[in-house]
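Notes for the one structure printed next.
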Amino acid sequence: MRYSLLSLLANAVSGHKAWKPQWRDAAPQSAYDVVIVGGGGHGLATAYYLAKEHGITNVAVLEKGWIGGGNVGRNTTIIRSNYLLHGNIPLYELSMQLWEKLEQDLNYNAMISQRGVLNLFHSDGQRDAYARRGNAMRIHGVDAELLDREGVRKLYPFLNFDAARFPIQGGLLQRRGGTARHDAVAWGYARGASDRGVDIVQNCEVTGFTIADGRVTGVRTSRGEIRARKVAIAVAGSSSRVAAMASFRLPIESHVLQAFVSEGLKPIIPGVITFGAGHFYISQSDKGGLVFGGDIDGYNSYAQRGNLPCVEDVCEGGMALMPAIGRARVLRSWAGLVDMSMDGSPIIDRAPVDGLFVNAGWCYGGFKATPGSGFVFAHLIARDAPHPAATRFRLDRFRTGNIIDEKGQGAQPNLH
Amino acid sequence: MRIPCPFCGPRDAAEFSYLGDASVRRPDSSVPGDGLDAAMQVYVYIRDNPAGPLKEYWYHGAGCHSWLVVDRDTRTHEITGAAEAHSGAVS
Amino acid sequence: MTQAQRLAAGGLVDRSTPVSFSFDGKPFTGFAGDTLASALLANGVRLVGRSFKYHRPRGIFSAGPEEPNALVELRAGARREPNTKATCVELYDGLSAESQNRWPSLAFDLHAVNQFASPLLVAGFYYKTFMWPSAFWERLYEPAIRRAAGLGRLSGESDPDSYEKATAFCDLLVIGAGPAGLAAALVAGRAGVRVILAESDFVLGGRLNCETHEIDGAPGSAWARQAEDELATLPNVRIMRRTSVFGVYDGECGAIERVADHMPAPPEHAPRQRLWKIVARQTILATGAVERSIVFGGNDRPGVMLGSAMRTYVNRFAAAPGRRIAVFTTGDDGWRTARDLRTAGLSVECVVDTRHTIAPDVLSLTGDTAVYLGSHVVDAFGGHGLRSIDIRDAGGIRKRVAVDALAVSGGWNPDVALATHLGASPTWSDAKAAFLATEPPRSMALAGAAAGHWTLAEALHDGGTLGMDAATRYGHPQLAQPRFRTSDEATEVQACWHVGGARSKAFVDLQNDVTDRDIALAAREGFRSVEHLKRYTTLGMATDQGRTSNVGGLAIMAELTGRTIAETGTTRARPPHIPVAIGAFAGLHRDTHFKPTRLTSGHQWATGQGATFVDAGQWLRAQWFARPGETDWLQSVTREVRTVRSAVGVCDVSTLGKIALTGPDVGTFLDRIYINTFSTLDVGKVRYGVMLREDGFVMDDGTTARLAPDHWMMSTTTANAAKVMQHLEFCHQVLWPELDVQMVSVTEQWAQYAVAGPRSRALLQQLLGTVADLSNEAFPYLACREFRCGSLPVRLYRISFSGELAYEIAVPANYGDALAQALIDAGRDLGVAPYGTEALSVMRIEKGHVAGNEINGQTIASDLGLGRMMSTRKDYVGRVMAARPALVDSKRPSLVGLKPVDPAARLRAGAHFVARGVPASPETDDGYMTSTAFSPTLGHWIGLGLLADGPRRTGERLRAYDPVRAGDVDVEVVPPVFVDPKGERLRA
């Protein structure tokens with residue numbers, strides 16, 4: 001059923017009894033053209049674009065729990081394409097352009113809200129680095145503005161301009177950046193894919209791959225063996241574990257990233273603000289909660305929960321930047337497992353096994369990349385060649401030296 | 001988390017820096033050989049990333065400056081031991 | 001104002017201490033010992049809030065942190081605290097509170113019009129609409145939604161209060177000072193165990209203060225006072241009142257102590273709250289249980305209240321929730337409510353029990369009260385206050401009863417969230433009709449109602465037994481476990497979640513306005529997993545964290561989908577268990593105290609010289625020293641550069657990292673660390689070195705001096721001092737422990753100044769006299785020496801960042817200030833002036849030296865013109881990976897100098913290089929400007945940059961493309977050394 005104000009009105013009259021499941025809760029078939037391991041944002045988007053862009057609909061998305069339960073369901077909802085390096089910008093900008101059309105495309109309101117993403121700088125060196133970045137964005141046709149201190153003050157008069165340890169000097173603003181209702185992204189893609197014939201199979205854990213003569217022939221699951229011509233892995237947080245089932249290793253560590261939401265408050269923060277002198281970024285949801293986060297806890301973890309030092313670090317950043325939030329209360333924290341890659345950038349490539357594809361290593365960037373990642377991954381799977389916006393996310397770049405290191409931190413995942 | 005530093009006693013993990021998998025072995029790069037590039041690439045970029053027990057490097061920068069090998073379970077964060085990195089704790 | 005609903009007698013409030021307060025501007029009086037909620041009830045205030053979505057009128061529903069309705073904005077001005085639960089606010093004199101999320105007033109809220117649109121505003125309605133036209137989302141729909149959403153208002157002003165942090169250690173942490181917690185603390189405390197007893201409330205006793213139980217013949221509340229008195233005498237027991245444990249983390253618990261929230265403002269120098277980290281060897285969770293509601297029509301009307309809360313208000317606060325009250329229960333507990341209400345002299349109209357058979361001793365609790373067994377309350381009616389209820393009896397007949405309050409008792413949820421923070425989800429027990437924490441963390445045990453042991457006798461027994469365990473482990477267990485005499489209560493309960501056939505809206509989650517129909521819609525649309533249910537309907541996501549709604553919601557989902565509750569499962573509890581102020585997590589690290597400020601020992605001196613300071617990491621460094629009459633930083637910097645280039649200047653370089661290395665193998669060690677060779681360095685000499693990360697990229701650069709055969713001093717950049725130290729220690733301790741090397745950071749131990757300029761030798765000779773011979777022959781470029789000046793150890797290095805004849809002189813940090821002054825005094829006749837980091841930077845750009853802008857973690861040695869330093873005769877960290885194909889590509893952007901084609905044009909770092917006459921595109925982007933400066937020596941702006949194939953493009957003209965700022969500037973590629981390329985000055 002198409003969603004619109006009219007259909008909502010019609011259903012309101014009939015007590016909302018006629019709505020159908022938003023996606024089919026399918027049972028697994030014995031064989032598919034493509035099996036996607038992982039029913040998170042990237043897996044569902046990949047399935048959607050395989051069907052929509054490439055006409056490949058004999059596809060199953062296998063999810064060990066409930067769809068959207070990974071990082072698409074536990075992030076800080078920020079979308080942006082304000083990257084520095086040529087390797088990264090095209091993908092995130094493709095993603096941004098898909099975000100901008102997503103709701104009409106999916107007929108699902110994911111509340112994509114372009115209220116601006118502002119990255120603050122606090123020193124001359126940071127200013128120059130942001131100028132470099134802003135110019136790189138403009139070279140790629142991405143919007144970027146460099147604001148001085150007064151420009152920032154006009155947007156956010158309540159920030160701490162006067163009594164700060166590291167006074168705000170200005171900021172890099174991407175007006176097209178903003179937020180999206182994260183869960184709805186997963187549901188919208190699931191509905192779109194399901195409508196096009198994709199089987200979305202929940203509670204189906206992949207336990208292994210069947211490989212013959214160096215070529216993948218299917219997967220073993222908690223619900224039986226499923227044959228497939230091609231298998232695609234999109235299981236950020238667990239990428240290393242799944243890769244190990246196919247006997248290859250990834251330059252990835254699994255880390256825990258916490259995020260926080262306050263009690264609901266009347267609007268105070270219109271856009272997204274990132275502190276430049278600490279680990280803190282914040283926005284306010286349409287429901288009124290301040291949604292904020294910071295750095296990963298910093299040690300390998302599969303526990304999907306974090307610890308106090310990181311909470312304190314994030315809140316210290318918050319109070320340094322905007323002491324007006326001191327009396328707002330943290331209502332809930334949550335934590336996601338992120339694939340921290342060795343250069344801070346993702347891997348979208350063929351795996352060392354024929355017919356097997358891997359989409360991993362998203363670090364902090366996974367949510368905002370969801371549409372773009374699905375789009376280019378579907379392209380890679382369907383055509384066996386990388387999409388032009390994703391030619392550099394190769395697995396062999398660590399051998400060739402073509403690494404994509406935005407922060408210049410080297411092979412130290414917890415510093416990216 | 002509290003890490004039982006063999007020199008300082010149990011200390012808050014916030015005093016330590018993390019490096020990760022301690023099972024990696026740096027190849028002897030002073031000896032040229034066909035396999036050196038590949039071995040070095042594995043040393044620099046490929047680390048064990050298990051869901052379960054892991055031996056890992058922590059550095060007590062706000063304490064005794066020791067590099068430690070800590071036994072920790074990545075699913076539960078339970079720490080079962082810590083020793084000096086060069087005491088042969090890694091095996 | 002009279003307290004019309006205050007009972008004539010009873011309660012634990014202090015009737016001799018009246019307390020004035022106001023709500024929505026109206027003055028009221030309560031008593032010491034009241035909460036804001038109990039005082040409002042005592043004054044007959046029933047309407048206290050509005051719900052989130054439909055703005056339905058709401059009253060006080062509970063007596064604790066589970067409160068979904070009674071949220072207020074407490075205090076005014078910068079201290080305003082939105083979303084404060086009236087049930088948790090200790091009344092103080094002068095308290096002012098306002099209702100929130102209503103306009104224009106609580107009684108007349110225009111947003112209540114949402115109720116008429118409620119057929120449209122079902123769960124997830126927004127996912128299905130507001131999509132056309134797409135541009136309207138940000139412009140129209142979303143702003144309207146945002147304005148309507150949210151609860152209370154922040155003040156928008158900086159929080160004027162302070163917060164502290166503290167850490168506590170103990171053998172046994174007891175969370176909750178109800179009967180179980182008190183018993184545990186008593187038994188363990190008597191045995192000498194180091195106990196912390198943390199209690200959220202401002203009095204100890206928990207339910208003992210709210211019930212009519214007796215222990216050892218005394219009223220429960222009196223027993224609690226007695227226990228408290230005894231605990232207070234034990235030096236090994238610490239009672240933490242007003243302290244809520246909010247999170248269980250690895251190795252520690254987080255707790256928040258409300259130090260001054262029961263006062264109008266914190267006393268001078270006292271924090272508002274204190275964040276505790278409690279490290280305990282063992283924890284007893286004695287947090288009790290929270291009563292559940294039942295879902296029926298109009299179950300949100302002001303006057304509908306949890307039964308246990310009614311007992312609390314009547315027994316503890318002597319406040320009447322109503323005058324004509326009905327009880328709706330699914331278990332024995334509701335009957336005790338009826339009994340206590342009757343005892344207090346209130347009229348109980350009827351008891352409605354969903355069960356058909358009731359034990360006789362339970363039945364007898366309520367005397368002649370009307371009883372409906374096998375019956376349900378179907379609907380509740382009333383606008384701003386409950387007027388009547390409809391009961392459907394066992395025969396299906398509806399009957400209306402006029403009441404002004406309804407006690408609801410749907411069973412109990414053990415408060416186990418803290419037992420699940422570390423991982424294991426609670427599991428459903430049919431026997432207890434509750435989720436139990438069957439796998440608490442290893443060092444935690446549960447006691448009393450938190451463990452599903454409902455009766456007082458069990459709670460005391462649990463506490464005593466666990467206290468005894470702790471005594472055995474950590475104390476002196478010669479004492480016998482005490483026995484507590486108490487009555488037994490009946491606790492049977494039969495789960496009933498949802499009453500069908502309601503005529504009005506039936507709420508599952510009161511605050512977020514989630515109804516039974518929303519849950520049905522979620523089930524219909526496929527949101528059947530509990531996590532999907534929560535996310536789609538917002539069930540349990542309000543400020544009460546679903547304490548009274550979660551279990552009911554998922555039970556309804558289980559019914560709808562034909563699963564058991566155990567199969568349906570529950571969502572994961574996450575910290576904080578109660579909402580905690582962001583300010584408390586930050587503590588004192590805010591405003592200018594966000595991070596430490598590191599000052600060099602010459603800071604005072606620099607201040608006296610008129611320095612403007614700049615942040616360099618946590619350090620403050622003098623950026624320039626403005627002279628009277630100078631109005632612009634560029635003026636001052638230009639003068640400082642000219643002074644150095646023509647006379648002599650003094651610059652504090654103490655912030656650079658200094659690492660002392662000793663031992664016979666330091667030379668070998670440094671050969672492996674640096675790309676160039678150090679083992680051949682003579683004693684008394686200094687060498688510039690570059691070190692790589694293991695991945696082949698440049699990590700840091702700096703000079704290392706050999707002061708003695710076994711004693712070396714390494715300098716690092718200011719930014720990388722700690723990182724390099726960590727790297728060196730890794731290399732030594734982990735990679736090459738066989739090398740005999742010791743190292744220590746001495747950055748803070750030595751003050752160091754650059755003395756630079758053609759007259760620097762004269763200045764130092766003036767200062768040092770005959771102590772040191774500074775002639776070029778005796779002390780040439782790159783010489784170093786350690787000597788004493790009087791009793792003072794001095795280190796002198798002949799090194800130059802500015803390109804002039806220059807030295808760096810170091811003394812123990814205590815003497816930094818004095819040395820700086822002495823240098824200025826000695827150079828007065830030579831025209832000396834202090835210079836700051838800005839002039840330092842100008843001169844290093846003039847000399848083409850790389851710094852942080854170039855060593856940014858993305859560059860390799862050859863990018864920076866340092867490729868020839870990479871030794872081919874030895875191995876070093878990063879050597880192998882630096883030979884990867886992409887790192888030896890000659891087209892990589894490499895260091896060049898830039899000057900503007902128009903000499904008046906200004907250059908800016910961050911501009912990208914694009915060939916002239918072609919559009920900027922990823923294909924034509926040839927690199928970027930890393931550093932720029934106005935060169936007083938050349939009289940125009942100069943720059944350094946990383947340009948593709950750079951060194952071969954000298955003389956080429958390019959566009960410095962800078963759309964985010966002033967626009968484009970045409971530049972010419974030149975060699976990166978602008979001044980004295982042959983290096984004659986520094987060797988003079």
Side-chain angles (χ1 to χ4, degrees), chain A residues 235-245 248-256 295-313 316 335 337-344 347 352 360-361 395-401 403 405 409-416, chain B residues 1-5 10-27 29 34-63 67-82:
Chain A
V235 294
S238 299
S239 298
S240 302
R241 287 202 284 175
V242 174
M245 293 176 195
F248 66 98
R249 301 175 85 193
L250 289 168
I252 282 173
E253 287 179 358
S254 296
H255 283 256
V256 61
D295 267 13
I296 53 175
D297 273 39
Y299 43 82
N300 286 28
S301 176
Y302 286 89
Q304 224 172 57
R305 59 178 178 77
N307 273 305
L308 261 183
C310 187
V311 186
E312 296 175 79
D313 187 55
E316 286 168 12
L337 302 184
V338 289
D339 274 3
M340 295 304 293
S341 72
M342 290 288 157
D343 63 355
I347 293 159
L395 201 43
D396 69 2
R397 67 180 186 264
F398 301 96
R399 179 174 59 74
T400 61
I403 59 157
D405 187 350
Q409 293 289 4
Q412 189 50 40
N414 59 351
L415 299 181
H416 285 295
Chain B
M1 278 191 302
R2 295 176 66 74
I3 294 176
C5 175
R11 308 294 303 174
D12 196 298
E15 294 181 4
F16 298 77
S17 315
Y18 184 75
L19 188 66
D21 179 19
S23 72
V24 294
R25 283 292 163 278
R26 189 177 192 275
S29 55
D34 285 347
L36 181 58
D37 288 1
M40 207 62 182
Q41 191 205 323
V42 169
Y43 169 69
V44 174
Y45 290 112
I46 302 293
R47 313 213 179 130
D48 278 353
N49 185 24
L54 177 65
K55 284 184 183 297
E56 53 193 18
Y57 287 125
W58 290 79
Y59 170 65
H60 200 183
W67 277 95
L68 306 177
V69 172
V70 175
D71 293 283
R72 195 178 59 95
D73 191 308
T74 61
R75 292 164 304 186
T76 61
H77 299 166
E78 189 180 11
I79 294 171
T80 50

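Below, read A as the first sequence line, B as the second, and so on, with proteins coming before strands; counting in each chain starts at 1.
Residues Asn300(A) and Arg72(B) are in side-chain contact: their nearest non-hydrogen atoms beyond the backbone lie under 4.5 Å apart.
Residues Asp339(A) and Ser239(A) bring a donor and an acceptor atom of their side chains to less than 3.5 Å of each other.
When each of Ser254(A), Ala244(A), Pro309(A) is scored by its heavy-atom pairs under 4.5 Å with chain B, the top score falls to Ser254(A). Chain A forms the most heavy-atom pairs under 4.5 Å with one residue out of Leu19(B), Asp21(B), Val42(B), and that residue is Leu19(B).
Using a 4.0 Å cut-off between charged side-chain N and carboxylate O, Asp48(B) and Lys55(B) make no salt bridge.
When heavy atoms are compared at a cutoff of 4.5 Å, Arg241(A) approaches chain B solely by way of its side chain, counted from C-beta outward. In this structure, no portion of Leu337(A) lies under 4.5 Å from any heavy atom of chain B. Asp12(B) touches chain A through its side chain: at least one heavy atom from C-beta onward sits under 4.5 Å away, while N, CA, C and O do not. Both the backbone and the side chain of Ile252(A) come within contact range of chain B, with heavy atoms under 4.5 Å apart.
Here the CG-CD distance, from Asn49(B) to Glu253(A), works out to 6.5 Å after rounding to the nearest 0.5 Å. Atom CG of Asn307(A) and atom OH of Tyr299(A) lie 4.0 Å apart (nearest 0.5 Å).
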